[in-house]
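Presented below is the structure to which this report refers.
From a predicted model like this one, the values you see are computed outputs, not experimental measurements.
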Amino acid sequence: MKIVVIDGQGGGFGRALIEKLRAGGCTGEILAVGTNAVATGAMIKAGASAGATGENAVIVNARRADVIAGPLGIVMANSMMGECSPAMALAVADSPARKVLIPVSKCGVQISGLPELPLADYIADAARRILSMS
């Protein structure tokens with residue numbers, strides 16, 4: 001199973017998720033795709049198998065993934081302070097991969113019916129869901 005973790009800005013969400021996946025026993029391929037080099041670097045340090053950066057990396061790897069994970073903003077054009085381009089959001093949304101999205105209030109979207117939890121709990125739940133897919 002090829003897991004693609006996409007993140008931007010400082011890569012904190014992706015870093016934490018990759019750490020949880022590795023701690024949970026995931027030994028498979030986890031590809032870190034950052035919207036910038038800082039995010040990619042943080043995810044590689046967390047244990048990603050490889051990394052790539054930028055719009056084209058998101059587009060190419062979204063179609064090759066079995067699972068795509070990251071903050072909710074990766075499916076929203078111009079989110080993440082403009083780091084997620086419309087082409088990136090479309091590539092993720094159009095991908096046949098299963099998507100595990102972490103709700104983030106910074107995206108300006110609230111998900112009805114979702115309890116407000118600490119971010120660490122959302123990340124732990126995302127890791128649990130991904131690990132159950134393998």
Atom CD1 in I130, atom CD1 in I3: separation rounded to 0.5 Å?
-> 5.5 Å
Return each pair, listed once, that meets salt bridge (charged side-chain N to carboxylate O under 4.0 Å, His left out) where at least one residue sits in residues 12-25; pairs must be two or more places apart or across chains.
-> R15-E19
Quick note, side-chain hydrogen bond (donor to acceptor under 3.5 Å, both in side chains) partners involving residues 83-97, not counting sequence neighbours, are T35-E83, N36-E83, E55-S85
Can you give me every donor-acceptor pair (side chain of residues 67-75, partner residue at least two apart or in another chain, under 3.5 Å) with its distance?
none

Is the side chain of T40 donor-acceptor paired with the backbone N or O of A52 at a distance under 3.5 Å, no angle test?
-> yes
Residue list, salt bridge (charged side-chain N to carboxylate O under 4.0 Å, His left out) with D125, at least two apart or on another chain = R128, R129
Quick check: does any side chain N or O of D7 sit under 3.5 Å from a backbone N or O of F13, one acting as donor and the other as acceptor?
-> yes
Name all pairs fulfilling the salt bridge (charged side-chain N to carboxylate O under 4.0 Å, His left out) condition that reach into residues 58-70, sequence neighbours left out, sorted by first residue then second.
-> none
Taking the side chain as every heavy atom from C-beta outward, state whether M133 and V100 have any pair of such atoms under 4.5 Å apart.
-> yes
Work out which heavy atom in L31 is nearest to a heavy atom in A50; give both atom names and the distance.
-> CD1-O, 3.3 Å
Check side-chain contact (heavy atoms from CB on, under 4.5 Å) between D121 and all other residues, then give those that pass, not counting sequence neighbours.
-> L117, P118
Greater than 12 external heavy atoms within 6.0 Å of M81's CE | no
